J.: 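Encoded as structure tokens, here's the structure I'll be asking about.
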Amino acid sequence: EKLFVSVIFLLSLITMTLAEPPGCKIRITNRGLEMLKAETKKFVEEELSNITMPEMRGKEGRFQYTIKDVKITELNLTSDLRFQPDVGLLFEVQNSSITLNFQRRILYWLFYDEGAINASAEGVNIFTVLHLIKDKDGRLKISNVTCDAFITKMRARFSGTLGRVYDFIGTFLTTGMRFVLNKQICPALNHAALVLINQLLETIPVRTEVDSYVGIDYSLLNDPVVTETSLDMDFRGMFYDLKNENETLVNYAVNPVVREYDRMIYLSLSEYFFDSGLFSYFKGGLQKQLLLDSFQMPKDLEMLLRTTYLGTIMMLNPALMEHPLSLELEVTSPPRSTIKTSGASVAVNCNVKVLVLPPGKPAVQLSSMTMEGKFNAKVSMKGKRLAIHLDLRRFKIFSNQSALESLALIPLQGPLKTMLQISVVPLINNYIKRGVQIPLPDGIDFIEEVVEYHNGYIIVGANLHFRTGLREIIERKLSDDPVQSIGRDVESRLHQLVVEVQGGWSRVGARRIEP
């Protein structure tokens, strides 16, 4: 028995050890949920306002009636949105009211009358839970909706010639209407969540191209963790080379830890997030193109090189003195990032070749040296794009041939560093300033962000801002994708068909409401 327990413990320990750590984490707090409440309430009111109800006919003694053109004219919802631990989100409406208007036609003996009915549903209560999961593609998704809705009472006010005469059948009509309306609320909210809100979640990038060199993988590693105070999501947060998507960097970085709850949202990125980007750009050849585009040797540097290597040139071929010199820089290994409480930095190693370029002939190598550079990296956020700005902090060169030659290279360090700061670094910063999108839906941006540096990872705490409403974001998503737009029309028609079936045949006491 002890052996069995030991084996189970060992297996669980191995599983925990082998679990892939996230390169990117996001926490949404109660403060973030507060900001979403108003948008959610507005969205739900719009969905309920679009409820359509079938024409109803029936009899009550000598009365024959028809009810049609039912429209919701006003909603007064008292709602709340909060986290549902281990499940997802809870949207709740309590003691609210809905105002409706519909047309009646009533026949009693030989008397016929028609007119409008203004009705109010009072004591409206809705309890809706959205179940959040990671789907097969690693995307955040609402997998199921648990919904319960009921209306405590309904009142009707008649108009028309015989309005007061028919007041006594108001209880009968409103009871039937209350029954049918009860049946409509949850299907409408189910459709809103499973179809429309999932459309919004599909705007979160999962595996997408960043530029012509690399892509990024933001797939969820597991289901979101929901507590009473937050929603935590672990993303892979890994860049990859578009030409060879399977050649990726293994994640040995520390697991980012988010302990704060004061801001609406927290984004945490480990060293792996940045290292995988540096690795992928190295494999994709970006650094070669940037160095090729940026490199122009200043005249004073060329003169200094010619003086430094005068003896070498004379030994090789004095005729080479008349030809121009060139430097060839090559990044020899993927750059690496380091994040500490004092800030972030990037280390780069290059091989530098000093060449003579005789016209019409192959270049002649005079020397080869190693260059080590260390850049300060400042992380910033704008909207929902993460960007980095580099500043060359330390720089040194040494010879690959001898220590004596390394001493001779000391005078070159200052001019080479200046050349890099003037020519190479600005071009790199201009390229990377466009940044990379973080996994947030369209229409939602970071504002008032603060970047904190920890050992092995950074945390960006921020508040959220809606650039546009939920419905506008969803409609834009559907308009950009005709296939999904057609699918939504089919879904809406199926939804309406279900509603008609549910509302068509029902009983209130012993009376039948017929479609």
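Bear in mind that the values here come from a model prediction, so they are computed numbers and not experimental data. The analysis underlying the following values was restricted to heavy atoms, covering all of them including side chains, and did not include hydrogens, waters or symmetry mates.
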J.: Is V44 close to L75 at the side-chain level, that is, under 4.5 Å between some pair of heavy atoms?
T.: no
J.: Please list, one pair per line, the donor and acceptor atoms closer than 3.5 Å that link side chains of residues 204-212 to other protein atoms, with sequence neighbours excluded.
T.:
| residue | atom | partner | partner atom | Å |
| --- | --- | --- | --- | --- |
| R207 | NH1 | D217 | OD2 | 3.0 |
| R207 | NH2 | E245 | OE1 | 3.2 |
| D211 | OD1 | Y213 | N | 2.8 |
| D211 | OD1 | V214 | N | 3.0 |
| D211 | OD2 | Y281 | OH | 2.6 |
| D211 | OD2 | Y431 | OH | 2.9 |

J.: Measuring from L329:CG to M369:CE, what's the distance to the nearest 0.5 Å?
T.: 9.0 Å
J.: Would you say Y218's side chain and C24's backbone share a donor-acceptor pair under 3.5 angstrom?
T.: no
J.: Has T29 got a side-chain atom pairing as donor or acceptor with R263's backbone, closer than 3.5 angstrom?
T.: yes
J.: Can you see which heavy atom on L392 is nearest to which on G373, and at what distance?
T.: CD1-CA, 4.5 Å
J.: Above 12 or not: heavy atoms from other molecules or residues under 6.0 Å from CZ of R393?
T.: yes
J.: Are the side chains of I459 and E260 in touch, meaning some heavy atoms are under 4.5 Å apart?
T.: yes
J.: Quick one: is the NZ or CZ of R27 closer than 6.0 Å to the six-membered ring centre of Y261, and within 45° of its axis?
T.: yes
J.: How many angstroms lie between atom CE of M264 and atom CD of E448, to the nearest 0.5 angstrom?
T.: 7.5 Å
J.: Under 3.5 Å, is there a donor-acceptor pair between the side chain of S96 and the main chain of N125?
T.: no
J.: Table please: side-chain donor-acceptor pairs of residues 351-362 below 3.5 Å, with sequence neighbours left out.
T.:
| residue | atom | partner | partner atom | Å |
| --- | --- | --- | --- | --- |
| N351 | OD1 | S368 | OG | 3.0 |
| N351 | OD1 | N400 | ND2 | 3.3 |

J.: Assess whether a salt bridge exists between D391 and K378, defined as any Lys/Arg side-chain N lying under 4.0 Å from an Asp/Glu carboxylate O.
T.: no
J.: Looking at K134, is its backbone amide N or carbonyl O close enough to the side chain of D223 to form a donor-acceptor pair, meaning the two atoms are under 3.5 Å apart?
T.: yes
J.: Other residues, nucleotides and ligands only: do more than 12 of their heavy atoms fall within 6.0 Å of NZ on K141?
T.: no
J.: Got L220 and M233 here, is their nearest side-chain heavy-atom distance under 4.5 Å?
T.: yes
J.: Is there a donor-acceptor pair under 3.5 Å between the side chain of T203 and the backbone N or O of D442?
T.: yes
J.: Would you say the side chain of F91 lies within less than 4.5 Å of the side chain of L130, judging by non-hydrogen atoms?
T.: no
J.: Could you check whether any side-chain N or O of S230 sits under 3.5 Å from a backbone N or O of D232, counting only pairs where one atom can act as donor and the other as acceptor?
T.: no
J.: Taking K384 for the side chain and L440 for the main chain, is one N or O donor matched with an acceptor at less than 3.5 Å?
T.: no
J.: Are the charged groups of E34 and K37 less than 4.0 angstrom apart, N to O?
T.: yes
J.: Specify the closest pair of heavy atoms between H389 and N429, including all atoms of both residues, with the distance to one decimal.
T.: NE2-ND2, 3.5 Å
J.: I'd like to check F127 versus L90 (side-chain heavy atoms, cut-off strictly below 4.5 Å). Are they in contact?
T.: yes
J.: Taking the side chain as everything from C-beta on, heavy atoms only, tell me whether I26 gets closer than 4.5 Å to L267.
T.: yes
J.: Taking R82 first and then E92, would you say they form a salt bridge - that is, a charged N and a carboxylate O separated by under 4.0 Å?
T.: yes
J.: From I432 CD1 over to R434 CZ, what is the distance, rounded to the nearest 0.5 angstrom?
T.: 10.0 Å
J.: Taking all non-hydrogen atoms of both residues into account, name the closest pair between I473 and G443 and its distance.
T.: CD1-CA, 3.8 Å
J.: Heavy atoms only: give me the nearest V379-Y453 pair and the separation to one decimal.
T.: N-OH, 3.3 Å
J.: Check the pair V460, I265 against side-chain contact (heavy atoms from CB on, under 4.5 Å), reporting the backbone distance first and the verdict last.
T.: CA-CA 8 Å; V460 182; I265 189 168; over 6 Å; no
J.: Between D241 and S280, does any side-chain donor sit less than 3.5 Å from a side-chain acceptor?
T.: no
J.: For I142, which of D135, L194, I133, L200 qualifies under side-chain contact (heavy atoms from CB on, under 4.5 Å)?
T.: L194
J.: Assess the residue pair N251 and M238 against the criterion (side-chain contact (heavy atoms from CB on, under 4.5 Å)); give the C-alpha distance rounded to whole Å, side-chain angles, the decisive distance to 0.1 Å, and a yes or no.
T.: CA-CA 9 Å; N251 188 354; M238 177 193 73; over 6 Å; no
J.: Working to the nearest 0.5 Å, report the span between CD1 of I126 and OG of S79.
T.: 9.0 Å
J.: Is any side-chain heavy atom of I444 closer than 4.5 Å to a side-chain heavy atom of F466?
T.: yes
J.: Applying side-chain contact (heavy atoms from CB on, under 4.5 Å), run through F274 and V346 and close with a yes or a no.
T.: CA-CA 9 Å; F274 300 100; V346 176; over 6 Å; no
J.: Check whether any side-chain heavy atom of L132 lies under 4.5 Å from a side-chain heavy atom of L231, and answer yes or no.
T.: yes
J.: How close do P426 and L420 get, counting heavy atoms only, and between which atoms?
T.: CD-O, 4.1 Å
J.: Minimum heavy-atom separation for P334 and F279, please, with both atom names.
T.: CG-CD1, 3.7 Å
J.: So, do F239 and F273 have ring centers that fall under 6.0 Å from each other?
T.: yes
J.: Say you draw a straight line from CE of M371 to NZ of K417; how long is it, rounded to the nearest 0.5 Å?
T.: 12.0 Å
J.: Test your reading of the model: is there a side-chain donor-acceptor pair from Q94 to the backbone of T78, 3.5 Å cut-off?
T.: no
J.: Is there a side-chain contact (heavy atoms from CB on, under 4.5 Å) between R471 and F43 once you walk through the steps?
T.: CA-CA 7 Å; R471 179 164 298 282; F43 180 72; 3.7 Å; yes
J.: Measure the CD1-CG distance between I388 and L278 for me, rounded to the nearest 0.5 Å.
T.: 7.0 Å
J.: Does R259 offer a backbone N or O that forms a donor-acceptor pair with the side chain of Y266 under 3.5 Å?
T.: no
